[in-house]
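Structure first, then comments.
Letters go in sequence order (proteins before strands), and every chain restarts at 1.
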There are 2 protein chains.
Amino acid sequence: MAKQAKVLLVDDEEDILDLLEYNLSKEGFDVYTAGNGLEGVNKAKEIKPDLILLDVMMPEMDGIEACDEIRKIPALNDTIIAFLTARGEDYSQIAGYDVGADDYITKPIKPKVLVSKIKGLLRRNSGKSSQEVTIDGLSIDREKYLALKDGVEIILPKKEFELLALLMSKPESVFTREAIFSGVWGHDIVVGDRTIDVHIRKLREKIGDNFIKTVKGVGYKFSTKH
Amino acid sequence: MAKQAKVLLVDDEEDILDLLEYNLSKEGFDVYTAGNGLEGVNKAKEIKPDLILLDVMMPEMDGIEACDEIRKIPALNDTIIAFLTARGEDYSQIAGYDVGADDYITKPIKPKVLVSKIKGLLRRNSGKSSQEVTIDGLSIDREKYLALKDGVEIILPKKEFELLALLMSKPESVFTREAIFSGVWGHDIVVGDRTIDVHIRKLREKIGDNFIKTVKGVGYKFSTKH
DNA sequence: CGATCCCTTAACATTAAGTTAATATGATTA
DNA sequence: TAATCATATTAACTTAATGTTAAGGGATCG
């Protein structure tokens, strides 16, 4: 059973949502919808879709703001964002402004064309998954699911690995406990307060005490400055 | 006498299939045909052709998707894939996207030119057709469909063989259960959760416990570090 | 048209991973 | 310095994922 790609549609027009949902579902995508930017951002956190189709003009929170918000969520780093814009719409907002969108799609669009565009976008991204990050003698390899410290393999269980990967995705940046929860555990899952601490503890035990720093009252960060 | 090269033609236009089939047969190739991507993928699994000519624009499953699928089948690792594209067709889908195709051929093409192109492709590949992989005393031979451990033949059933071949195709890399499903079973087939485990078990029984490692919560990997 | 071998499933066992709870430590502030 | 708050630490506990076995259906091959 292959994993279905999860697609989140965000548009304020019911008709368009229905049309797109129908066509994408038919193609085997796992489709979710939201009626405005705010809802879109929240659903995105929850669902962690592979691709988000974002209408630019929307009430509550427009597509650009939403995109901004989404791009701030580390867990959604690999999510593809594509803007939907009506032909002839005012481009001044998005022109020259790099929000981190991967594509712009102009409405009206034939469902078949949209489907093939989406497939193209998903395909393009599927290759670049073997990321390796190395910081100060410590590296992680997502594909091999391994951490290396000065060339020595360290085997980490899933949660620990993902926690480390998250912290290393933005070195020196502090991750709040909330950010860690939504990045590693996902929004809906509720676990106790000390769970993160325990995982941090186990990580420090394995990689040494110098990499992960506590920022009291705020969260944790990965730091190279010992 | 050299084995006849098997060529699979995949195109939705009968006329083109007939024309190509006629010309390639005349040249001594072993020619098979399919009318769309889906059929093409299935026939490819069955026949294991040396070369596949894939039309890009097709109903059911287009050439790019088909190529993707084929590239996921370990047994077809050494198969050459060439795309057929109509001149002036929309290239946006394939441009900048590395699907693992070995060549692009533009229609219309003169049969003689096509034949010589195909011969060239087959020749180019004939050198690197080392169908054998050996890692740490364990090797598999795709052509003979055999595993060898320290020179001793181990007969593996199809699924076990393909599972092992898949894991060995990227040693040390972790394959998720999903990846294993789509690599060995294919996209549509749905089997129960414990099926992979059982095959892993049987493999370990036959090749020893040291080669395949479990990464709990993630998947399995082939590892040489015992 | 048996006989055999594969593949899958289901039930249960096992183990690693993840979580919690209890307690300790240390920092901050009144 | 006592009180309070946040994080650290440990071990016990729970859960989720995989391991294991055997049995049955279905394909395959002589």
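The side chain of B:Tyr220 places no N or O atom within less than 4.0 Å of a non-bridging phosphate oxygen (OP1 or OP2) of D:dA17. For the OP1/OP2 pair of C:dT9 and a distance below 4.0 Å, the side-chain nitrogens and oxygens of B:Thr195 include at least one atom meeting the criterion. OP1 or OP2 of C:dC6 has not a single side-chain nitrogen or oxygen of B:His199 nearer than 4.0 Å. The side chain of B:Arg201 places an N or O atom within less than 4.0 Å of a non-bridging phosphate oxygen (OP1 or OP2) of D:dT20.
Nearest nucleotide to the B:Pro157 side chain, out of C:dC7, D:dA17, D:dT9: C:dC7. When the nucleotides C:dT20, D:dA17, D:dG19 are ranked by their closest atom to the side chain of A:Val198, C:dT20 comes out on top. The side chain of B:Arg204 lies closest to D:dG19 when the candidates are C:dA22, C:dT8, D:dG19. Comparing D:dT18, C:dT8, C:dA27 by their closest approach to the side chain of B:Thr214 singles out D:dT18. Side chain of A:Asp197, nearest nucleotide from D:dT9, C:dC7, D:dT18: D:dT9. Closest contact between the side chain of A:Trp185 and the listed nucleotides D:dT7, C:dT19, D:dT18 involves C:dT19. Candidate nucleotides D:dA8, C:dT19, C:dT8 were compared by shortest atom distance to the side chain of A:Arg194, and D:dA8 ranks first.
A residue-by-residue look at A:Val191 and A:Leu156 shows that A:Leu156 has its nearest nucleotide of DNA chain C further toward the 5' end. Residues A:Lys158 and A:Ile200 each lie close to DNA chain D; by heavy-atom proximity, the contact nearer the 5' end of the strand is made by A:Ile200.
Salt bridge A:Glu162/A:Lys158: absent, no basic N to carboxylate O contact under 4.0 Å. Salt bridge absent: A:Arg204 and A:Asp197 never bring a charged side-chain N and a carboxylate O closer than 4.0 Å.
Remark: P of C:dG18 and NZ of A:Lys206 are 9 Å apart, rounded to the nearest angstrom. Rounded to whole angstrom, the span from the CZ atom of B:Arg177 across to the C1' atom of D:dA16 amounts to 12 Å. Straight-line distance from the CD atom of B:Glu205 to the P atom of C:dC6: 13 Å, rounded to whole Å. One interatomic measurement links the two molecules: CD1 of B:Ile196 to C1' of D:dG19, which rounds to 14 Å at whole-angstrom precision. With rounding to whole Å, B:Asp193 atom CG is found 14 Å from C:dA11 atom P. In this structure, A:Lys159 places its NZ atom 11 Å from C1' of D:dT15, rounding to the nearest Å. Counting to the nearest Å, the P atom of C:dC6 and the CD1 atom of B:Ile155 are 9 Å from each other. Rounded to a whole Å, the CD atom of B:Glu160 is 6 Å from the P atom of C:dC7.
By the 30° and 60° cut-offs, the orientation of the rings of B:Trp185 relative to B:His199 is perpendicular.
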Task: Worked verdict on B:Phe222 versus B:Leu138 for side-chain contact (heavy atoms from CB on, under 4.5 Å) - done: CA-CA 11 Å; B:Phe222 187 92; B:Leu138 185 74; 3.8 Å; yes

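Heavy atoms of B:Lys216 sit under 4.0 angstrom from at least one base atom.
In A:Lys206, the NZ atom is crowded: over 12 heavy atoms of neighbouring residues, nucleotides or ligands sit closer than 6.0 Å.
B:Ser173 and A:Glu143 are linked by a side-chain donor-acceptor pair at a separation below 3.5 angstrom, with hydrogens and angles left out of the test.
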